[in-house]
Structures are given as structure tokens and as C-alpha cells.
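Have a look at the structure below before the remarks.
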Amino acid sequence: MSKPATIAIDGFAGSGKSTAAARLAEALGYLYFDTGVMYRAVTWAILERGIDPRDEERVSEVAEALIIDVVAEGPDDGRQFTVLADGVDITWAIRESAVEANVSLVSSYPRVRTVLTNQQRRIAAAGPVVMAGRDIGTVVLPQADLKIFLEASAEERARRRCKQLKEQNKPIDYEYILKAIMERDKKDQTNPVSPTIPAEDAVILNTDNLKVDEVLGELQTLVQQVRNGLKIG
Ligand code: DC
């Protein structure tokens, strides 16, 4: 398999990693896999079953039994892919505020992380992949051929979020959004189980002043450098 066959793209919420990873995967003809949907799927499943998100034992049991599938097929309603939990289409449900509010706690449980990490490794072993998340370069695929950590300032990420909300005709409160982003960053950075930090050999790319196409261009240059045998990171 030609290198880089495994590409890890990590970064904070709103860093643009999902868009960048999806575009890179498309350009390379690789599978794109967004690991955040798995943590969201477990969170959706426990809420659906009426389980208290603080009940680590029961949450872990659900994570260990749940069958999560991410497939390309699905209705033409703006989705990038379809997420199934035990066969139920939860693509949009995992973006709702109840999931958003509890996913951080659910993803802090070691047994949840272990079972999802193992599934992610199996997916990566099956073929060339661009995998996006928080701990892909550090924990899930420490041997990845190329590791990228995307950064963007909290202010820039708040501006991007406001733009998205405006496009959806939803109310906007920049200061509130900025504060929420900063609080979430702090939680993610200091999470003792799997903090969001760049791997030692990751390339750190700041996207504050880059358009999506420019980010893609930078990533393609890095891929080319790996193909040319250059040591990256
Ligand atoms: O990227 P996202 O917003 O869809 O991630 C949802 C949550 O899952 C977020 O709280 C971070 C967590 N997550 C994680 O802990 N590890 C990953 N590899 C991916 C996401």
C-alpha cells in the first residue's frame, strides 16, 4: 500500500478538522472516518435508554454492546455520511443539544475509550484512511504515516460557528459562543484520560488565516512530502 496509508488529523472542536479531513480523503480516494461520531453515538444510545450519563458502569456496558456503523449511503438531505446505532439512523440525532451536553463526560470513561479505540484501529487496518479526532495521532494510531494537528484561535472558531448559525437562520451570541469554546478547550486539554494534545511527531497547522482550499493544499503538500520519503513532524 502506498504511503501515507494512515493519516491522523486531530484538533479541537471547530478547528476545521472534519472538513479538512473529508476533503483530503476525497482528493486521495481514501476512506474518511470521523471518530467523534462514535462518542456521540454512545451518548445518544444511553440517553435513548434513559441511562444517567454519570452512571459509568451502565454507560460502559452500552458502549461495549452497541454496534456503530458509518456508511456512505443515505437520504440526500445534506449529510456527509450515515451513522447507524444498532441499525437505527442517528445521523442528525447525534448533533442535538442533549448529546452535545453529555458527550464530553461519556468520552471521559476509560472503558468507552478502549472499546471505541479498538474499533477505530480495525477500521484503519482495513485500508487507506484519513481519521479525524482528538487522540488519533497520540493513542489510536501512534504509528500513523502522517499526523496533523489543526489549530485555530478560539476567536476564529467562534466566528466560524457564528457564520454557520447565521446560515441556518439560528440566533447568534458571539461572546457566549466564545466562552463556551474556551471552556470546552480547557476540559479537553486537561481531560486526564485522553487529552487533546498534538503527538510529538505531528505537524501543527494553524488555519486562522487559511481558506478551506488552502488548508487542503497544505495537507496535500504534506502527503506529497511523505510520498517523497521526507521525514515529517
Ligand atoms: O469532534 P466531535 O465534536 O464530534 O467530538 C464529540 C466529542 O467526542 C467531543 O467531546 C470529543 C470526543 N472525542 C474524543 O474524546 N476522542 C475522539 N477521538 C473524538 C471525539
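Remember, it's 1-based here, ligands and their atoms both numbered in the order they're listed.
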Q) Is it the side chain, the backbone, both or neither of Arg113 that has a heavy atom closer than 4.0 Å to ligand 1? A) side chain
Q | Side-chain donor-acceptor contact under 3.5 Å, Ser60 with Arg113 | A | no
Q | Nearest non-hydrogen protein atom, atom 5 (O) of ligand 1 | A | Gly36 CA, 3.8 Å
Q: Indicate whether any N or O donor in one side chain lies under 3.5 Å from an N or O acceptor in the other, for Thr43 and Asn102.
A: no
Q | Option of least heavy-atom distance to atom 12 (C) of ligand 1 (set: Pro195, Ser107, Ser18, Ala132) | A | Ser107
Q.
Check for me whether Lys17 has a heavy atom closer than 4.0 Å to any atom of ligand 1.
A. yes
Q) At what distance is the nearest protein heavy atom to atom 18 (N) of ligand 1, and which residue and atom is it? A) Asp135 OD1, 2.8 Å
**Q.** Element-labelled atoms of ligand 1 that are located less than 4.0 Å from some non-hydrogen atom of Val103
**A.** 7 (C), 8 (O), 10 (O)
Q: List the closest protein heavy-atom neighbour of atom 19 (C) of ligand 1: residue, atom name, distance to the nearest 0.1 Å.
A: Thr35 OG1, 3.4 Å
Q) Quick one: CZ on Arg121 to CD1 on Ile136, what's the gap to the nearest 0.5 Å? A) 10.0 Å
**Q.** side-chain contact (heavy atoms from CB on, under 4.5 Å) partners for Ala144, two or more places apart
**A.** Thr6, Ala8, Leu141, Lys147
Q) What are the two closest heavy atoms between Ile9 and Val130, and how far apart are they? A) CD1-CG1, 3.8 Å
(Q) So, regarding Arg184 and ligand 1 (criterion: nitrogen or oxygen to nitrogen or oxygen, under 3.5 Å), is there a contact or not? (A) yes
Q) What are the two closest heavy atoms between Asp135 and Ser194, and how far apart are they? A) OD2-OG, 3.4 Å
(Q) Under 3.5 Å between any N/O of Tyr39 and any N/O of ligand 1: does that happen in this structure? (A) no
Q: Indicate, as side chain, backbone, both or neither, the part of Arg40 found under 4.0 angstrom from ligand 1 when only non-hydrogen atoms are considered.
A: side chain
Q) If you look at every heavy atom in Ala85 and Ile90, which pair is closest and at what distance? A) CB-CD1, 3.7 Å
